[in-house]
Amino acid sequence: VISIEKKNKKISKEVQLSIEFYRKLYLIRASEEKIIKHYFEDEMKTPMHMSMGEEAIAVGICSALKDSDQVFGTYRSHAIYLTKTDQIEHFFAEMYGKGTSLQKGKAGSMHLCFPEHGFMGTSAIVGSVIPVAVGAAFANKTANNDKIAAVFFGDGAIDEGVFWESLNVACLMKLPILFICEDNGYAVHSPAAARHGYGRITDIVSRFNCTVMEETTTDTETIYDLANEAIRSVKTDQKPCFLYLNYYRYLEHVGVCEDFNAGYRSEGEFKEWKKKDPVLLQRQKLIRLGVTEDQIVKIEQNINKQIAESVENAQQATFADKETLYEEVL
Amino acid sequence: VTRCISYRDAINEALTQEMEADPSVFVYGIDVADHKRVFGSTAGLVEKFGPERCFSTPLSEDAMTGFGLGAAINGLRPIHVHMRVDFMLLAVNQLANMVSNYRYMSCGQLKVPFVIRAIIGRGWGQAFQHSKTMHSCFAHVPGLKVVMPTTPQSAKGLLIWAIRDDNPVIILEHRWLYDVVDDVDEKATAMPLKANVLKRGDDVTIIATSWMNIEAVKAAEILERQGISAEIIDPQSIFPLDEETILESVEKTGHCIVADNDWLFCGFSAELAAIISEKCFGRLKSPVSRIGFAQTPCPTVRHLEQEFYPNAIDIIRAVEEKLVLAETDLSSEDFYSYENKFKGPF
């Protein structure tokens, strides 16, 4: 990015932002491709719930948030971890369970967090992190610190009672929180039609005292603009905002493979979404904005190099001492 | 300086003093700010500290527990109140999957200074959904501290400790103890999570939890007149457990009876019996005996409920059996009966 900026000092803010989006999108995609490449060496012994397909949501929303804003996620959080924290070394160290990671291998892929960068935690029990984000929003409101809490969850979490309890409390207390529902159409392997005793999620949620916004797009900028509008509404209207976004999960629920032969969803569905792949879309946009192929390749190579180094460091790092088992329980 | 106040007022005083001292402390839960104020324990808080720091919530135990966790990792010191322990079971997912693990998950980056108070019900038809204690279950999960104060002084001191602790602490308060009156320090002093020796004695050790201490004290008074001196130990903290005080006593007496305010099977009493058997084996003159609830749900009707709960008489009989003594005539003794206290409805 810096080298491009040097070459083109008059580069517009819009282009800069687009490049930054692409850098983040590519980082997530390339990191997960690297995981796939090494997963069957069986050194990353942690259940992987891959973000592939949802990159635009993580990048669009986290880019609209301030560094000090707080994010909560699920077991499928590679994308928001990398976007919010940019901690590639810690990310791969944790995938390999090494002592060099902030979480020292206690967490793995499903329980990522990095509080210093506002990534406040995750849960592998569907819906369970939602009320925690509501409590964080309460603390932020009490402190009057202008921070927003953003909680990401899938459409499966809407099936859980705790989602409705949490939404109700946040609306009642008028808390500064973004609820981000990433709907990929399936809760594990069950489609919405097999789970919903109602029509549309947004119809129900909009009965609560919150702002509801929705979009079906893989364009990062569109989501970024929407997130900015959502943040504005939370601050000016002083009530929560529920963002409903559709995407397509490229890989199986857990694991690094495709599962179109399993019969619960069709490859045709995937191919339609793949045409507007968020990473590809953003790359095409950069070309349209006048960024050259060479410049893009340079960005990609730079990220590939960082990832390769981080993976190598993680592979060579030692595990935490056995005493670590007993540390930080109480 | 001490003065005689009730258990409920001791709790109230601890809350008031800690809220005065630390603006990050707040109290919330179902009906904490209504006209009854959780049996008086939250009286005056909303008037003194405002609705931002003492507020009633929707009936959402599950979400409101996660809410406390989110506030705790973000610099506040929440105190969540449940009118009955049984209601808290709606939040077991948050307790066992979230609250207990958050510090560990973050390798200490995030601390969880979170107090959960819950009241153990008993009597006048409380039945199977208003009478549970659950300390054994909560203490089973690593990452949670579990405390059961018996005296007014411990109700105040342990609560202050819990509020200042950077970890989640569950405090289980027996409803019948609310009217117990005793000397309580005026100052806000934290009481460490250690056992309390309620009575010194040489012949037998009685380890009792919560209300069972009241029964144990009554039993010990009667036994004393028969020339038997019982030592009564209230562990106060279920986890962390003060093994030292307990083992010291059992090593001295050689006999131990555990009277737990709970079912026995897979319970805290079983844990104590195991620890004592492992660590005092050579000194034990008899196997550890256990007294607790009948292995049934708690019934409503009085005569069945009477069968369900153990009492001072059961403790006396257990001591007599252990020490091979003749049965004391208890016909002229006056035992606790809630009818003397409550006319109902409860």
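First the proteins, then the strands, lettered A, B, ... as listed; each starts at 1.
Atom NZ of A:Lys235 is surrounded by more than 12 heavy atoms from other residues, nucleotides or ligands within 6.0 Å. Other residues, nucleotides and ligands contribute more than 12 heavy atoms inside 6.0 Å of the CD atom of A:Gln316. Dense packing is recorded around CD of B:Glu20, with more than 12 heavy atoms of other residues, nucleotides or ligands lying under 6.0 Å away. Atom CG of A:Asp67 has 12 or fewer heavy atoms from other residues, nucleotides or ligands within 6.0 Å. Taking a 6.0 Å sphere around NE2 of A:His117, one finds it holds more than 12 heavy atoms contributed by other residues, nucleotides or ligands. Applying the 6.0 Å contact sphere to CD of B:Glu243 captures more than 12 heavy atoms from other residues, nucleotides or ligands.
For the set B:Gln94, B:Lys111, B:Glu52, B:Arg53, the entry with the most heavy-atom pairs within less than 4.5 Å of chain A is B:Gln94. For the set B:Asp62, B:Leu69, B:Thr57, the count of heavy-atom pairs under 4.5 angstrom toward chain A peaks at B:Asp62.
In this structure, CD on A:Glu116 lies 12.5 Å from OG on B:Ser106, to the nearest 0.5 angstrom. For the atom pair B:Ile73 CD1 and A:Phe72 CZ, the distance stands at 4.5 Å (nearest 0.5 Å). Separating the CG atom in B:Asn101 from the CD1 atom in A:Ile125 is a distance of 9.0 Å, to the nearest 0.5 Å. A:Leu330 contributes atom CG, which lies 7.5 Å from atom CG of B:Leu144 (distance to the nearest 0.5 angstrom).
Contact record, B:Cys107 with A:Lys106: SG-CD, 3.8 Å, taken as the closest heavy-atom pair. Shown here for B:Gln109 and A:Pro115, the closest heavy-atom pair between the two residues is CB-CG, 3.7 Å. Shown here for A:Ala139 and B:Asn74, the closest heavy-atom pair between the two residues is CB-CB, 3.6 Å. When all heavy atoms of B:Tyr102 and A:Val129 are compared, the pair lying nearest together is OH-CG2, 4.1 Å.
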Run A:Ser123 and B:Asn97 through side-chain hydrogen bond (donor to acceptor under 3.5 Å, both in side chains) and show every step you take. CA-CA 8 Å; A:Ser123 172; B:Asn97 279 323; over 6 Å; no
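Of the two parts of A:Leu167, neither the backbone nor the side chain holds a non-hydrogen atom closer than 4.5 Å to a non-hydrogen atom of chain B. With a 4.5 angstrom heavy-atom cutoff, B:Phe114 does not touch chain A via any of its atoms. Interface remark: A:Thr142 contributes side-chain atoms only to the contact with chain B (heavy atom separation under 4.5 Å). Only the side chain of A:Leu172 comes within contact range of chain B, judged by heavy atoms closer than 4.5 Å. Using a 4.5 Å cut-off between heavy atoms, A:Ala107 contacts chain B through its side chain alone, with no backbone atom that close.
Residues A:Phe138 and B:Phe26 bring their aromatic ring centres within 6.0 Å. If you look at B:Tyr104 and A:Tyr326, their ring centroids are not closer than 6.0 Å.
Within the 4.5 Å cutoff, no side-chain heavy atoms of A:Val132 are placed close to those of B:Phe67. Using a 4.5 Å heavy-atom threshold, the side chains of B:Leu110 and A:Met120 count as touching.
Donor-acceptor pairing under 3.5 Å is recorded for the side chains of B:Asn93 and A:Ser128.
A side-chain donor-acceptor contact under 3.5 Å links A:Gln103 to the backbone of B:Met105.
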